[in-house]
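This report refers to the structure that appears directly beneath it.
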Amino acid sequence: MSYDKELAAAKKAASLAARLCQKVQRAILQSDVQSKSDKSPVTVADYGSQALVSYVLQRELPSELFSMVAEEDSEDLCKDSAQETLERITKLVNDILASDGSYSDSTLSTDDVVKAIDCGKSEGGSQGRHWVLDPIDGTKGFLRGDQYAIALALLDEGKVVLGVLACPNLPLTSIAGGSQHSLPGEVGCLFFSVVGGGTYMHSLDSSSAVKVQVSSIGNPEEASFFESYEAAHSMHDLSSSIAKKLGVKAPPVRIDSQAKYGALSRGDGVIYLRFPHKGYREKIWDHAAGYIVVAEAGGVVTDAAGNPLDFSKGRYLDLDTGIIVTNPKLMPSLLQAVRESIEEKVSSL
Ligand SMILES: Nc1ncnc2c1ncn2[C@@H]1O[C@H](COP(=O)(O)O)[C@@H](OP(=O)(O)O)[C@H]1O
Ligand SMILES: [Mg+2]
Ligand SMILES: [Mg+2]
Ligand SMILES: [Mg+2]
């Protein structure tokens with residue numbers, strides 16, 4: 001099965017969304033930050049990115065049934081108090097489309113923007129095709145001026161078949177050792193994969209792509225690992241116990257968002273550990289694009305027990321332990337270390 005058309009549409013949508021996010025991040029104002037009911041920050045850029053991706057996919061693929069599972073919805077945006085914000089988002093989306101020259105026949109109204117955002121309410125599942133979108137993954141990183149990603153994937157009959165990860169602040173060269181901040185002009189990566197076709201990366205400013213591969217390191221002493229910047233998102237004490245058990249020497253590289261999957265896919269580090277606190281349920285948009293980018297670059301992504309991730313169950317991933325990512329050589333010893341560290345943690349409680 002070819003996904004050429006879908007890939008071209010997804011790359012266009014994610015690149016335009018990245019442009020919108022860069023514009024907002026440069027000009028970020030405190031008043032751009034809203035508080036969602038779960039208290040996580042959501043900015044005009046999250047909404048703008050979701051509206052833009054939804055609109056572009058539908059314009060580029062007019063003959064396909066459109067279903068999308070996406071993080072944001074318009075509920076808060078439709079309150080009277082948010083009218084000004086909605087107008088700002090609409091202007092942003094129109095400005096980006098105008099700067100690209102696409103669809104010059106149409107300008108979006110605030111209603112069109114709300115509709116585009118709310119196309120993301122699909123439940124996904126094991127049948128048919130569903131786009132999966134995190135319009136800004138790593139909103140906290142985005143607000144800090146650090147890493148974030150626009151993460152877009154396509155599910156076909158419950159399997160991830162395509163992924164695009166735009167990482168506007170990720171340096172084009174390796175961030176091994178934690179050098180995520182580099183000179184302006186050297187940042188902005190787009191990773192993309194189609195099932196069976198490998199993973200490629202190019203600069204957000206160009207389209208000449210290179211094939212990427214995960215690191216082939218087999219000695220844990222030479223390995224380095226990624227984890228969330230936010231301690232609330234992953235138990236840093238557990239990952240540090242696992243790393244110690246494995247014999248990893250380097251300190252963790254803590255960065256936000258699925259930029260971790262992108263960096264791992266090109267060998268900047270070889271392990272990514274994610275252990276949410278009890279009760280947290282992982283959503284598919286936080287992993288779908290990252291998963292295929294790593295898998296097609298030769299990496300392995302499983303839950304903490306070594307089972308493959310199942311993206312066919314709806315908006316959530318059905319797992320409660322955690323997610324681990326590495327290359328095939330290190331996976332057996334990593335799984336062993338994970339099992340032992342979890343047992344020790346449980347028995348110490
Ligand atoms: N308590 C929690 N535990 C685990 N993940 C959480 C969390 N609270 C929020 N997240 C998720 O972690 C994502 C960011 O991951 P990371 O820590 O790798 O940067 C967030 O994505 P958004 O920023 O899209 O909301 C959010 O979905
Ligand atoms: Mg969020
Ligand atoms: Mg996210
Ligand atoms: Mg998000």
Side-chain angles (χ1 to χ4, degrees), residues 14 17-18 21 24-25 28 32-50 53 68-77 117 120 131-153 163-170 175 180 225-239 252-265 269 271-291 293-294 301 303-304 309 311 315-317 319-325:
C21 295
V24 176
Q25 199 183 45
I28 206 147
D32 286 334
V33 184
Q34 312 263 307
S35 191
K36 282 204 293 194
S37 50
D38 65 3
K39 298 285 178 239
S40 66
V42 61
T43 67
V44 290
D46 297 67
Y47 292 122
S49 168
Q50 182 158 324
V53 170
M68 184 169 77
V69 182
E71 181 180 2
E72 311 302 343
D73 66 61
S74 73
E75 194 186 325
D76 291 344
L77 216 47
I117 291 172
W131 290 97
V132 180
L133 172 68
D134 195 333
I136 292 189
D137 183 40
T139 304
K140 287 183 178 161
F142 177 81
L143 293 169
R144 259 189 268 108
D146 287 339
Q147 295 302 326
Y148 65 99
I150 293 95
L152 178 61
V164 175
L165 209 51
C167 306
N169 283 344
L170 189 68
I175 57 162
Q180 62 165 306
F225 78 96
F226 295 112
E227 64 183 348
S228 285
Y229 181 95
E230 297 286 336
H233 295 179
S234 189
M235 293 186 275
H236 288 168
D237 58 336
L238 185 55
S239 36
V253 177
R254 291 186 176 143
I255 63 169
D256 302 279
S257 86
Q258 288 170 70
K260 292 186 276 296
Y261 285 103
L264 196 142
S265 78
I271 299 169
Y272 167 23
L273 301 173
R274 184 180 191 90
F275 296 100
H277 295 272
K278 203 169 164 38
Y280 183 78
R281 292 178 77 195
E282 293 280 7
K283 286 93 171 184
I284 60 171
W285 55 77
D286 278 324
H287 301 284
Y291 154 76
V293 160
V294 163
V301 184
D303 71 8
L309 304 188
F311 291 94
R315 293 171 73 86
Y316 293 93
L317 280 172
L319 51 88
D320 56 6
T321 37
I323 292 176
I324 58 179
V325 187

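Note that this is a predicted model, so its numbers are computed, not measured. Both counts, for ligands and for their atoms, begin at 1 and track the order of listing.
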Quiz item: Do E227 and S234 get their side chains close enough for a donor-acceptor pair, meaning under 3.5 Å?
Solution: no
Quiz item: Does a donor on one side chain sit under 3.5 Å from an acceptor on the other, for Y280 and H233?
Solution: no
Give the numbers and elements of all ligand 1 atoms closer than 4.0 Å to a heavy atom of [X].
| X | result |
| --- | --- |
| D137 | 13 (C), 14 (C), 21 (O), 22 (P), 23 (O), 24 (O) |
| D256 | 19 (O) |
| D134 | 24 (O) |
| S228 | 16 (P), 17 (O), 18 (O) |

Min N/O separation [X] to ligand 1 under 3.5 Å:
| X | value |
| --- | --- |
| G138 | yes |
| I136 | yes |
| K260 | yes |
| Y229 | no |
| T139 | yes |
| D286 | yes |

Exercise. Would you confirm whether N169, through its side chain, and D146, through its main-chain N or O, come within 3.5 Å as a donor-acceptor pair?
Key: yes
Practice problem: May I ask you to decide if E72's main-chain N or O and Q50's side chain share a donor-acceptor pair within less than 3.5 Å? | Solution: yes
Just let me know how [X] lines up against ligand 1, side chain, backbone, both or neither, with a heavy-atom cut-off below 4.0 Å.
| X | answer |
| --- | --- |
| A232 | backbone |
| E230 | neither |
| R274 | side chain |

Close approach, [X] and ligand 1, non-hydrogen under 4.0 angstrom:
| X | answer |
| --- | --- |
| G141 | no |
| E282 | no |
| H277 | no |
| K140 | no |

Exercise. Give, for atom CG of L152 and atom CE of M68, the distance between the pair rounded to the nearest 0.5 Å.
Key: 8.5 Å
Can you see which heavy atom on [X] is nearest to which on [Y], and at what distance?
| X | Y | value |
| --- | --- | --- |
| V325 | Y261 | CG2-CE2, 3.8 Å |
| A304 | F275 | CB-CE2, 4.0 Å |
| S49 | P135 | OG-O, 2.8 Å |
| C21 | I150 | SG-CD1, 4.0 Å |
| G290 | L165 | CA-CD2, 4.2 Å |

Practice problem: Considering just N/O/S atoms, say which atom of E71 is closest to the Mg ion (ligand 2). | Solution: OE2
Exercise. Could you pull out the atom name of the N/O/S atom in D286 that is nearest the Mg ion (ligand 3)?
Key: OD1
Self-check item: Three-point angle D134:OD2, the Mg ion (ligand 3), D137:OD1, rounded to the nearest 10°
Solution: 100°
Quiz prompt | With S228 via side chain to side chain donor-acceptor pair (under 3.5 Å) - residues at least two apart | solution = R274
Self-check item: More than 12 heavy atoms of other groups within 6.0 Å of F311 CZ
Solution: yes
